[in-house]
Amino acid sequence: MMLLAAETNLRRPSLNADAYGRYYTPSQVSQTLIDAITGMRPKLILELGCGQGALACAAQGKWARANYITVDTDLAAMSALKESATYASHTHHIHDALDDALADRIGVPLASVDVGLCNPPYVRPRWRSSFGHILEDAGLSGTLQSVHDAGADLLFIAQNLRLLKQRGKLGLILPDGLITGEKYRGVRHALLREHLVELVVQLPRRVFKGTEAQTHLLVLSKLSGETQEVALSQMSDNGELSATIVVPADLAKHRLDYGFHAMGSSTSRPRSKCAHKITIGNVVQELIRGTTSSSQIRSCPLPVFHLGDFPFPSEFTDGPQVPSKFIQPHSKTTIQQRSYKFARAGDILIARIGRNLQHKVCLLPRGVCVISDCIYAVRAAPEYRQILLAYLVSEDGKIALEAASHGVGAKYLSRADVLSIVLPD
Ligand SMILES: C[S@@+](CC[C@H](N)C(=O)[O-])C[C@H]1O[C@@H](n2cnc3c(N)ncnc32)[C@H](O)[C@@H]1O
């Protein structure tokens with residue numbers, strides 16, 4: 001451990017990302033996170049992975065008398081802090097924040113921090129057995145299929161939870177995976193069960209310069225009772241926060257993003273209020289995913305409908321349809337060809353992945369058609385086909401598809417995402 005720049009001041013840097021692609025938090029986001037942490041008069045504030053101290057700097061505006069401890073492995077982070085050395089209550093450590101013995105190394109006892117602030121690195125560090133102990137200690141070890149799947153984001157959360165006192169508040173900036181990914185459902189469940197998750201704010205996609213990564217703010221109060229309901233909000237491109245919506249915890253563990261719940265997904269409202277809502281899952285007989293990969297398309301004996309084959313909606317008066325060259329008469333498909341996945345007449349084809357997947361929807365009007373592994377065929381009950389198609393190609397439908405999707409840049413839709421989209425009344 002090395003102690004540096006004791007008694008320094010924190011001043012906000014102007015850059016968002018450095019030459020190594022590390023994304024530093026812009027002031028608007030830091031400020032929103034600090035504003036969201038309420039009901040505290042903290043004495044000790046910690047920022048693990050502080051970079052240039054964006055979060056601690058914003059906190060200083062609100063809690064000028066607190067003691068600040070910042071930790072980062074990066075020497076450049078240190079020099080940026082040193083430049084602004086005048087304040088009496090800040091200690092910076094150049095140290096690995098994922099050290100199991102961090103508390104001793106930085107002289108901050110476990111369960112002593114009032115406010116933890118963290119925009120963790122979104123990488124997967126080489127696994128160390130001590131990570132298992134950090135997760136275990138924070139009550140997060142059983143939340144993933146394998147603890148080895150834990151990225152730095154989850155490990156930083158765990159380390160913060162260890163250092164935070166009971167009822168201490170943790171303000172985080174988290175990647176979309178932890179907030180919406182199926183893989184992290186167990187993590188969300190554990191956080192909601194053990195702590196009071198107060199607020200989650202979905203940030204605009206381009207808020208961190210140079211990346212379209214979807215990120216979210218999350219504020220929780222450690223061991224303050226099980227979360228019953230979570231307030232969700234969204235920050236617009238100009239930094240304004242939407243009105244909050246409130247989601248019960250048993251639905252929030254499914255996903256914690258405002259975009260999804262605000263669209264009125266089946267899982268987004270108290271059950272009593274959404275009992276009458278009809279979802280795609282309620283009206284489909286099957287949701288089929290193709291199996292032919294892009295590299296196998298050429299060797300397939302039949303034309304394969306893939307992402308680039310969706311027609312422009314304006315080409316059709318009755319809604320977009322699969323172009324004729326992909327359509328086979330049903331009788332012509334041989335046994336061998338049946339090892340491919342076929343969409344059938346009446347199926348609605350949607351893109352499963354892609355940057356603009358919400359614009360890729362069309363109907364197979366007759367016959368059958370081989371679909372690639374990037375395509376879903378939604379086989380709805382006949383009485384719902386036209387309603388479903390009309391909705392999915394409408395502006396509202398596009399918004400619903402986009403809101404249900406995950407991922408950075410190229411987005412994707414899981415089966416559960418598609419099935420939980422709510423149809424209009
Ligand atoms: C996404 S940046 C966030 C910086 C700052 N908190 C902010 O919001 O602008 C993550 C920071 O974590 C630091 N970091 C990465 N791994 C670390 C580790 N094991 N221990 C301490 N800091 C680490 C990086 O050097 C980087 O400064």
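Just so you know, these numbers use all the heavy atoms, side chains as well, and skip hydrogens, waters and symmetry mates. Ligands are counted one by one from 1 in listed order, and the atoms in each one are counted from 1 as well.
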- Item | Atom indices of ligand 1 within 4.0 angstrom of Asp96 heavy atoms, with elements | 18 (C), 19 (N), 20 (N)
- If we only count heavy atoms from C-beta on, is the Tyr384 to Asn282 side-chain gap below 4.5 Å? no
- Item | Stepwise side chain to side chain contact (heavy atoms under 4.5 Å, CB included) check, Thr279 with Ser420 | CA-CA 6 Å; Thr279 64; Ser420 61; 5.5 Å; no
- Validation row: Leu75, Ile94 side chains within 4.5 angstrom (heavy atoms): yes
- Out of Ile173, Asn119, Leu117, who gets a non-hydrogen atom closest to atom 3 (C) of ligand 1? Asn119
- Message: Can you confirm whether Arg385 is buried at CZ, in the sense that more than 12 heavy atoms of other residues, nucleotides or ligands lie under 6.0 Å from that atom?
- Response: yes
- How does Ser30 reach ligand 1, by side chain, by backbone, by both or by neither, if only non-hydrogen atoms under 4.0 Å count? neither
- Task: State which residue, out of Lys165, Lys43, Arg65, Arg41, fulfils the salt bridge (Lys or Arg N to Asp or Glu O under 4.0 Å) condition with Asp114.
- Result: Lys165
- Give a yes or no on whether a salt bridge exists between Asp100 and Arg128, defined as a side-chain N under 4.0 angstrom from a carboxylate O. no
- Check the pair Thr32, Asp35 against side-chain hydrogen bond (donor to acceptor under 3.5 Å, both in side chains), reporting the backbone distance first and the verdict last. CA-CA 5 Å; Thr32 304; Asp35 290 347; 5.5 Å; no
- Query: Taking the six-membered ring for Trp, are Trp127 and Phe131 parallel (under 30°), tilted (30 to 60°) or perpendicular (over 60°)?
  - Reply: perpendicular
- Please identify which atoms of ligand 1 are closer than 4.0 Å to at least one heavy atom of Glu47. 5 (C), 6 (N)
- Message: Determine whether Ser236 and Asn238 satisfy the following criterion, side-chain hydrogen bond (donor to acceptor under 3.5 Å, both in side chains), listing intermediate values before the conclusion.
- Response: CA-CA 5 Å; Ser236 68; Asn238 60 14; 2.4 Å; yes
- Message: Can you check which of Leu98, Asp74, Val71, Asp72 brings a heavy atom nearest to atom 24 (C) of ligand 1?
- Response: Asp72
- For ligand 1, note which part of Phe156 has a heavy atom under 4.0 Å away: side chain, backbone, both or neither. side chain
- Item | Sub-3.5 Å N/O-N/O distance, Ala54 and ligand 1 | no
- Tell me, please: is Tyr122 in heavy-atom contact with ligand 1, that is, under 4.0 Å? no
- Message: Heavy atoms only: which of Ser27, Ala97, Ala58 lies closest to atom 21 (C) of ligand 1?
- Response: Ala97
- Message: Side chain, backbone, both or neither: which applies to Cys118 and ligand 1 if a contact is any heavy-atom pair less than 4.0 Å apart?
- Response: neither
- Note on the structure: Counting from 1 in the order shown, the ligand 1 atoms closer than 4.0 Å to a non-hydrogen atom of Pro120 are 1 (C)
- Query: Heavy atom under 4.0 Å from ligand 1: found in His95's side chain, backbone, both, or neither?
  - Reply: backbone
- Item | Cys50: numbered ligand 1 atoms lying under 4.0 Å from its heavy atoms | 4 (C), 5 (C), 6 (N)
